[in-house]
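A short write-up of the structure that comes next.
First the proteins, then the strands, lettered A, B, ... as listed; each starts at 1. What you are looking at is a predicted structure, and each value in this text was computed from that prediction instead of being measured. In what follows, every heavy atom counts, from backbone to side chain, and hydrogens, waters and symmetry copies are set aside.
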2 protein chains.
Amino acid sequence: GVKAKHGVQRRIKKGRIESSSHAAHGGDDNESEDDPDNGGGAERQREHPFIVTEPGEVARGKKNGLDYLFHLYEQCREFLVQVQNIAKEKGEKCPTKVTNQVFRFAKKSGASYINKPKMRHYVHCYALHCLDEEGSNALRRAYKERGENVGAWRQACYKPLVTIAARQGWDIDAIFNSHPRLSIWYVPTKLRQLCHAERSAAVAVATGSTTVGGGNDAGGVGHLLF
Amino acid sequence: GVKAKHGVQRRIKKGRIESSSHAAHGGDDNESEDDPDNGGGAERQREHPFIVTEPGEVARGKKNGLDYLFHLYEQCREFLVQVQNIAKEKGEKCPTKVTNQVFRFAKKSGASYINKPKMRHYVHCYALHCLDEEGSNALRRAYKERGENVGAWRQACYKPLVTIAARQGWDIDAIFNSHPRLSIWYVPTKLRQLCHAERSAAVAVATGSTTVGGGNDAGGVGHLLF
DNA sequence: CGCACGGGCGACCAGCGGACGGTGAGCTT
DNA sequence: AAGCTCACCGTCCGCTGGTCGCCCGTGCG
């Protein structure tokens with residue numbers, strides 16, 4: 001099922017003391033020095049949370065903006081290219097996607113602010129940015145204006161992508177693969193499921209089957225659960 | 001390194017009592033009934049070993065021929081296509097290669113004579129058959145005439161492939177990927193290593209470096225270890 | 001028949017793609 | 001200062017791709 005847990009589930013945390021050593025932050029410049037705990041040898045342990053920003057807008061306070069988020073995807077692409085060049089030189093298997101190996105390489109290269117869970121979490125947001133920058137920008141402005149949080153904006157990014165998939169024969173994998181910047185990212189499971197569910201609903205309407213799924217026009221994800 | 005073992009190595013076997021149930025054998029028809037143990041309910045537990053046969057030749061006795069071997073690769077391709085169709089229908093990730101999932105599907109479909117270690121073992125032999133059928137046929141005839149065993153023939157299949165790679169800029173992955181029947185198979189590690197080693201040697205000769213590697217003409221793998 | 005050869009394939013492993021949810025940063029009151 | 005919201009990312013898990021070598025089928029003397 002969509003949300004089926006694995007066989008067993010245990011998540012016991014240990015304490016966390018990090019000793020990495022880097023300073024690079026990237027995109028935005030909110031490196032305010034008013035933090036009283038930032039003097040000794042302790043580096044920032046977590047990135048500032050993202051907030052919904054308009055295109056070109058720099059996040060204020062202890063936040064990062066969405067331009068910075070998308071910049072992280074470009075950085076990952078550059079790290080992938082480096083990993084590919086090294087692999088080719090050594091005659092080893094050459095990755096075509098951003099794999100664990102690439103995340104490890106990024107970390108080793110000092111980009112400790114890049115990590116797999118974060119990048120995978122926002123892949124579909126980056127996809128929208130790649131495939132329909134105008135639409136992506138409009139969505140950012142709308143969600144910023146409404147004062148929505150990042151989670152709500154992130155959820156909202158699914159719907160326009162499903163609409164795009166509908167126009168392209170529902171093949172979200174083909175859509176990702178045919179875009180040069182997007183093709184290196186795995187299609188998120190949830191996006192694939194949404195496309196499949198909406199395609200099934202569209203087929204049902206066209207067939208005239210008598211099941212669930214009201215008469216939603218092109219592009220409506222409507223009542224589908226996330 | 002080329003032959004580096006994993007961290008630990010343990011291989012303790014249990015007894016083997018199988019209870020599978022199928023009858024299909026495939027290609028060749030050497031289903032001779034002179035085996036006195038073949039009457040009750042015990043099915044064949046292992047496939048007959050391969051022998052080097054000429055194109056079109058049916059293996060005699062309790063052996064399988066190379067046409068049958070190559071036929072197995074075609075069957076795997078058909079199983080992959082089925083797995084892909086099912087995945088697409090269910091909106092799940094669609095494999096582009098012959099994966100564990102495909103081997104599992106083949107077994108479930110009654111083709112219990114197909115298994116991963118065997119198919120991976122002979123991939124490069126199949127590759128030669130796909131890329132240069134004339135050359136492959138000539139090699140088979142030569143090794144059959146000399147009375148060589150399957151292992152020797154299998155080893156000999158590497159060299160002509162390296163020669164082909166040399167002509168195509170040493171990119172063995174591109175060679176596999178651009179052939180419709182071959183593109184669904186992973187490039188064997190050993191073949192990739194041989195191509196890399198030979199390319200390095202060729203570059204060294206062209207550069208005039210003073211290292212190992214005598215003046216071997218085009219296509220000689222020569223002294224390289226397998 | 002018994003023995004030696006050689007190769008089929010069960011079973012193993014490091015590491016992968018994928019996911020969850022506990023800390024704890026950060027804002028509001 | 002205290003509280004409480006929410007999201008970052010450490011850590012887990014079912015498998016994958018890849019491999020080794022045991023076991024036994026097989027042919028020969």
note: A:E47, atom CD; C:dG26, atom P; distance rounded to Å ~ 10 Å

| Donor-acceptor pair (no angle test) under 3.5 Å: A:K63 side chain, C:dG26 base | no

Give the table of side-chain donor-acceptor pairs shorter than 3.5 Å for residues 98-108 of chain A, with sequence neighbours excluded, one pair per line with atom names and distance.
residue	atom	partner	partner atom	Å
A:T99	OG1	A:Q101	N	3.4
A:N100	OD1	A:K116	NZ	3.1

State whether a side-chain donor-acceptor pair under 3.5 Å links A:H129 with A:E133. no

| task | Using a heavy-atom cut-off of under 4.0 Å over every strand shown, decide if B:R154 touches base, sugar-phosphate, or nothing. | result | nothing

When rounded to whole Å, the CG to C1' distance for the pair A:N64 and D:dA7 reads 13 Å

Are B:R192 and B:D173 ion-paired here, with the side-chain N under 4.0 Å from a carboxylate O? yes

Sorted by number, residues from residues 83-96 of chain B placing a heavy atom under 4.0 Å from DNA chain D are none

- prompt: Do any side-chain nitrogens or oxygens of A:N100 fall under 4.0 Å of OP1 or OP2 in C:dG15?
  reply: no

Taken to the nearest whole Å, NZ/B:K190 to C1'/D:dC20 is 11 Å

Rounded to whole Å, CZ of B:R120 lies from P of C:dG8 at a distance of 17 Å

Residue set satisfying ring pair (Phe, Tyr, Trp, His ring centres under 6.0 Å) with A:F50, at least two apart, ordered chain then number -> A:Y122

pair A:M119-A:C76: side-chain heavy atoms closer than 4.5 Å:
yes

Applying salt bridge (Lys or Arg N to Asp or Glu O under 4.0 Å) to A:R154 and not counting sequence neighbours gives none

* Return no unless some side-chain N or O of B:H48 is found under 4.0 Å from OP1 or OP2 of C:dG8. => no

Whole-Å distance, B:F103 CZ to C:dG10 P, equals 12 Å

B:R199 meets the side-chain hydrogen bond (donor to acceptor under 3.5 Å, both in side chains) criterion, sequence neighbours left out, with B:H196

Taken to the nearest whole Å, CG/A:L69 to P/D:dC9 is 12 Å

When rounded to whole Å, the CE to C1' distance for the pair A:M119 and C:dG18 reads 16 Å

| said: Is the phosphate of D:dG25 approached by B:K62 (side-chain N or O, under 4.0 Å from OP1 or OP2)? | reply: no

The side-chain hydrogen bond (donor to acceptor under 3.5 Å, both in side chains) partners of B:N115 (sequence neighbours excluded) come to none

Nearest heavy-atom approach of B:G65 to B:A59 is N-CB, 3.5 Å

DNA chain C nearest-nucleotide lookup for A:P188 and A:R104: closer to the 5′ end is A:R104

Point to revise | Residues B:Y158 and B:Q193: side-chain donor-acceptor under 3.5 angstrom | key: no

So which protein N/O to nucleotides 1-7 of chain C N/O distances come out below 3.5 Å?
residue	atom	partner	partner atom	Å
C:dG7	OP2	B:G151	N	3.0
C:dG7	N2	B:R46	NH1	2.8

The helix from C:dC1-D:dG29 to C:dT29-D:dA1: angle between terminal helix axes, five bp per end, to the nearest 10 degrees, reads 10°

Taken in chain and number order and not counting sequence neighbours, the residues that satisfy side-chain hydrogen bond (donor to acceptor under 3.5 Å, both in side chains) with B:Y126 are B:E74

*Please state whether the base of D:dG17 and the side chain of B:K116 form at least one donor-acceptor pair under 3.5 Å?*
yes

Contact check, residues 174-185 of chain A vs DNA chain D, heavy-atom distance under 4.0 Å, returns none

Residues at least two apart in sequence or cross-chain that pass side chain to side chain contact (heavy atoms under 4.5 Å, CB included) with B:A127, listed by chain then number, are B:L161, B:F176, B:L182

- Report, as yes or no, whether the 6.0 Å neighbourhood of atom NZ on A:K90 holds more than 12 heavy atoms from other residues, nucleotides or ligands. no

note: A:Y186, atom OH; C:dA19, atom C1'; distance rounded to Å ~ 15 Å

Let me check something: any side-chain donor-acceptor pairs from residues 138-148 of chain A under 3.5 Å, sequence neighbours excluded? List them with distances.
residue	atom	partner	partner atom	Å
A:R140	NE	A:T53	O	2.9
A:R140	NH1	A:D67	OD1	3.2
A:R140	NH2	A:T53	O	3.2
A:R140	NH2	A:E54	O	3.2
A:R140	NH2	A:D67	OD1	2.9
A:K144	NZ	A:E57	OE1	3.4
A:K144	NZ	A:E57	OE2	3.0
A:R146	NH1	A:E148	OE2	3.2

All heavy atoms of A:C157 vs all of A:P160, minimum pair found to be O-CD, 3.4 Å

